[in-house]
There are 2 protein chains.
Amino acid sequence: MKTSTAVPDLSARCREKGLALTAQRSAVLGELAGRLDHPTADQVYEAVSPKVPGLSRTTVYRVLDTMAKAGVIGVVGSLGAAMRFDPTTGRHHHLMCVECHKVVDFEDPKLDALKVPTGTGFEIGDYSVQFKGTCPECRKKSGGNRRN
Amino acid sequence: MKTSTAVPDLSARCREKGLALTAQRSAVLGELAGRLDHPTADQVYEAVSPKVPGLSRTTVYRVLDTMAKAGVIGVVGSLGAAMRFDPTTGRHHHLMCVECHKVVDFEDPKLDALKVPTGTGFEIGDYSVQFKGTCPECRKKSGGNRRN
DNA sequence: TTGTATGCAAAAGGTTTGCAATGAT
DNA sequence: ATCATTGCAAACCTTTTGCATACAA
């Protein structure tokens, strides 16, 4: 039988990316690797802080940001900080620009008919597919990072 | 031919939900209905403010929140304010609790093979499916709204 | 040694709240 | 008349930044 996803060795990945492995980074990555939930930066800080005397909240934010940008870890959602509103309430999907955070609707009947998971304990109301990439404008000005 | 989604009459929906239709609400909903992007609360405020003298930023936040909770409008992403991190970097999907914002991984090979949209101008890197619902814990304590 | 990473403190968003006044039904 | 909604100011939470110090390679 195939066990569920093994705990990833994030510290190793960190090294592979050529990033220095400090005590703080090791602790933050070690904490994240062992968690099934998807903690916020503050939750990571609260968990790691007791184990690393003097650890700064700022450092946790910076480590998580650095690791996410290097692809060592992932982020859930990946919109900017601000909440975005949508006049459409029906099922539809989104193209999201990872550069400028632009969000564009995408409709596709095929995607509207996915099988909703059962036996998870969750009562699923709806779903949507998020396609993450780079929008036309940001592709042009390659280094474009104006926020939208 | 079928034209793309028509501009929704959000004010009508507001009435249907039994919510008072004030000048401010009407202006906010009117603005949102006409936009294809997915504006932040602040962007809505900037757009509506000139048309409604004395309009408060607070009110815009409150109107959007109220309407979203009533189902008159939608929100993109629907996580809480805080960013969440994930040790997993490969393609996988999420069950998200709309009550407590808990996020649980969900893996399904079928969902890993969706057709990525083309001809959108976007350069798509990856995607994930977000299933939104209520988690087992929040279902029990029906009114449960502790944040996770 | 040399550049990167950390800590502190302070600032910068983004959003929420208490309370009195205003307004919709 | 009555309760919901608004505006203001202030608080709150999350995240980012400047700068001097400490540390990994």
Side-chain angles (χ1 to χ4, degrees), chain A residues 10-12 14-29 38-49 51-70 72-73 75-85 100-101 145-148, chain B residues 11-12 14-29 38-70 72-73 75-85 100-101 145-148:
Chain A
L10 300 180
S11 292
C14 179
R15 303 304 302 268
E16 287 163 20
K17 298 282 180 181
L19 296 164
L21 187 54
T22 64
Q24 292 89 336
R25 284 180 175 177
S26 178
V28 166
L29 293 176
H38 299 67
T40 64
D42 246 67
Q43 288 172 333
V44 172
Y45 172 74
E46 295 298 338
V48 175
S49 185
K51 303 173 196 166
V52 183
L55 176 67
S56 164
R57 200 180 301 267
T58 305
T59 297
V60 174
Y61 276 92
R62 263 191 297 226
V63 168
L64 290 170
D65 182 64
T66 301
M67 297 303 152
K69 279 181 177 141
V72 173
I73 63 176
V75 300
V76 181
S78 83
L79 306 158
M83 187 164 277
R84 287 169 175 282
F85 297 88
C100 69
H101 297 157
N145 49 358
R146 242 184 299 277
R147 291 298 168 77
N148 181 274
Chain B
S11 292
C14 178
R15 303 304 302 268
E16 286 163 20
K17 298 282 180 180
L19 295 164
L21 188 54
T22 64
Q24 292 89 335
R25 285 179 173 177
S26 179
V28 166
L29 293 176
H38 300 67
T40 63
D42 247 67
Q43 289 172 331
V44 172
Y45 172 74
E46 295 299 336
V48 174
S49 185
K51 303 172 195 166
V52 183
L55 175 66
S56 163
R57 200 179 299 267
T58 306
T59 297
V60 174
Y61 276 91
R62 262 191 297 225
V63 169
L64 291 170
D65 182 64
T66 301
M67 296 304 151
K69 280 182 176 141
V72 173
I73 64 177
V75 299
V76 180
S78 83
L79 305 158
M83 186 164 281
R84 286 170 176 280
F85 298 88
C100 69
H101 296 157
N145 49 359
R146 244 184 298 275
R147 292 295 167 79
N148 180 273

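Reckoned from all heavy atoms, side chains included, excluding hydrogens, waters and symmetry mates.
Distance, A:M67 CE to C:dT4 P: 14 Å, rounded to whole Å. Atom NE2 of B:H101 is separated from atom P of D:dT14 by 12 Å (rounded to the nearest Å). When the C1' atom of D:dA4 is taken as reference, atom NZ of B:K17 falls 18 Å away, rounded to whole Å. As rounded to whole Å, 15 Å separates atom P of C:dA12 from atom CZ of B:R57. Rounded to a whole Å, the CG atom of A:D65 is 15 Å from the C1' atom of C:dT4. Atom CZ in A:R25 sits about 15 Å away from atom P in D:dC23, given to the nearest Å. Straight-line distance from the CG atom of A:D42 to the P atom of D:dC12: 15 Å, rounded to whole Å.
Where B:V63 and B:F85 each meet DNA chain D at their nearest nucleotide, the meeting point lying more 5' is that of B:V63.
Between B:Q24 and D:dG7 there is a side-chain polar atom (N or O) within less than 4.0 angstrom of OP1 or OP2. Between B:Y61 and C:dT15 there is a side-chain N or O to OP1 or OP2 distance below 4.0 Å.
Taking the side chain to side chain contact (heavy atoms under 4.5 Å, CB included) definition, one finds that B:A23 meets it with nothing, sequence neighbours left out. In terms of the side chain to side chain contact (heavy atoms under 4.5 Å, CB included) criterion, residue partners of A:A82 (sequence neighbours excluded) are, by chain and number, B:T40. Checked against side-chain hydrogen bond (donor to acceptor under 3.5 Å, both in side chains), B:Y45 has no partners two or more places apart in sequence or in another chain. With sequence neighbours excluded, the residues satisfying side chain to side chain contact (heavy atoms under 4.5 Å, CB included) with B:T66 are B:L19, B:R25.
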**Prompt:** side-chain contact (heavy atoms from CB on, under 4.5 Å) between B:K17 and B:M67: does it pass, once the steps are laid out?
**Reply:** CA-CA 9 Å; B:K17 298 282 180 180; B:M67 296 304 151; over 6 Å; no
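Proximity of B:R57 to B:E46: side-chain heavy atoms (C-beta onward) are separated by under 4.5 Å at one or more points. Side-chain atoms of B:R84 and A:V75, non-hydrogen and from C-beta on, never get closer than 4.5 Å to each other.
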**Prompt:** Which parts of nucleotides 17-25 of chain C does protein reach within less than 4.0 Å, heavy atoms only, written one letter per nucleotide 5' to 3' as B for base, S for sugar-phosphate only and - for none?
**Reply:** BB------S
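The two residues A:C14 and A:A20 have their closest heavy-atom pair at SG-O, 4.1 Å. Heavy atoms only, all atoms of each residue included: B:L21 and B:S11 are closest at CD2-CB, 3.9 Å.
Using a 4.0 Å cutoff on non-hydrogen atoms, the parts of residues 44-56 of chain B near DNA chain D are B:G54, B:L55, B:S56, ordered by number.
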